[in-house]
Amino acid sequence: MSSNSVVVSGSSNRALAYRIAAALGAENGQVEIRKFPDNEKYVRVASDVKGRSVVLVQSMAFSPDEYLVESMLMAAALKGAGAKAVIAAIPYLAYARQDEKFKEGEVVSIELVARMLRSSGVDGLITVDAHRHRIIDFSSIFGGPSIDVSVMPQLGRYAIQAGFADSSTVVIGPDGEAEPWAASAAQSMNVKDYAALKKKRFGDEDVKVVTTRDIPLKGRRVLIVDDIISTGATIVEASKLLKESGAGQISVGCAHGIYVSDALYKIYKEGITNVFSSDSVPNQTTRVSVAQPIADGVKAILKEL
Ligand code: R5P
């Protein structure tokens with residue numbers, strides 16, 4: 001990457017911004033971020049970004065509204081300071097799960113969020129294993145180049161290195177949309193058998209998971225992979241079903257470990273202690289980094305801009 005590029009961080013995940021800058025061989029730029037006494041955000045670009053491509057790193061877990069507004073202010077400030085292009089690297093993109101009007105009166109939140117980012121000055125968007133269940137390509141709603149990179153190969157390789165899996169393991173996606181993630185993790189592990197379960201959601205924490213075909217599980221180790229673990233309900237229900245089908249040790253890897261309230265405890269209570277995730281959302285289960293896939297995505301987007 002050219003020395004004319006710079007990486008700046010929002011306040012959500014500064015360590016990741018440093019890792020991405022290192023993977024790109026780019027400079028770390030400075031943006032002053034603070035709150036006014038009334039809680040509103042203040043941002044000021046403190047590095048020279050004139051004529052440079054800037055990667056804005058932000059992950060939107062835990063305080064999505066705050067980080068969204070902060071990202072928009074940063075993008076506008078960077079453009080105002082003369083940045084040639086702003087690429088937002090948002091591994092965990094909030095609001096992606098409201099990607100349809102499920103009930104009358106709702107809004108497709110992700111469409112609005114994509115437009116808000118675009119209109120504040122973001123030229124390119126990079127996400128990691130985004131929840132694209134119904135909107136397959138964010139470029140269509142964002143109105144500019146958007147790439148979704150994946151950390152599933154890293155999660156798969158980590159499971160092997162940690163001794164949680166080997167070539168006889170079965171990789172499971174807990175719902176139909178997770179099948180490509182299971183396939184990708186399985187490929188990186190040289191594992192032949194992968195499958196997806198079927199999930200029906202009745203409420204935020206109320207899900208039912210069923211199998212749609214016979215998966216030979218008796219005594220076999222299983223690795224469940226998913227994009228997000230939020231309340232943990234999906235993983236708990238999937239593992240109950242897998243255990244009923246005779247599965248042996250179950251391990252779980254996810255891109256974004258949100259773990260709201262006691263989600264991790266609920267998963268551990270099921271007897272699953274091998275839970276790991278990426279640094280998209282840093283927490284005690286973080287074992288792999290999204291920095292390199294994001295750096296690759298940045299290089300690809302720079303070619304398009
Ligand atoms: C939804 O379809 C996603 O892929 C995840 O399975 C879901 O977000 C997990 O949420 P929870 O942990 O609350 O079940």
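None of the values given here were measured: they were computed from a predicted structure. Order of listing sets the numbers, starting from 1, for every ligand and every atom in it.
- Taking the centre of each ring, F164 and F276 come in below the 6.0 Å mark.
- A salt bridge links E270 to K243: one of the charged nitrogens lies within less than 4.0 Å of a carboxylate oxygen.
- We find that K41 and E66 are joined by a salt bridge, their nearest charged nitrogen and carboxylate oxygen being less than 4.0 Å apart.
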Discussion item. For N13 and S59: C-alpha separation, side-chain torsions, deciding distance, then whether side chain to side chain donor-acceptor pair (under 3.5 Å) applies.
Written reply: CA-CA 6 Å; N13 197 340; S59 202; 4.7 Å; no
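- The only member of D279, L24, I294 that meets side-chain contact (heavy atoms from CB on, under 4.5 Å) when paired with R19 is D279.
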Worksheet item: Where do R157 and I160 land on the side-chain contact (heavy atoms from CB on, under 4.5 Å) test, with the steps shown first?
Response: CA-CA 5 Å; R157 286 194 288 269; I160 298 275; 5.7 Å; no
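- Listed by chain and number, R97, H131, H133, D175, K199, R201, D226, D227, I228, I229, S230, T231, G232, A233, T234 each place a non-hydrogen atom less than 4.0 angstrom from ligand 1.
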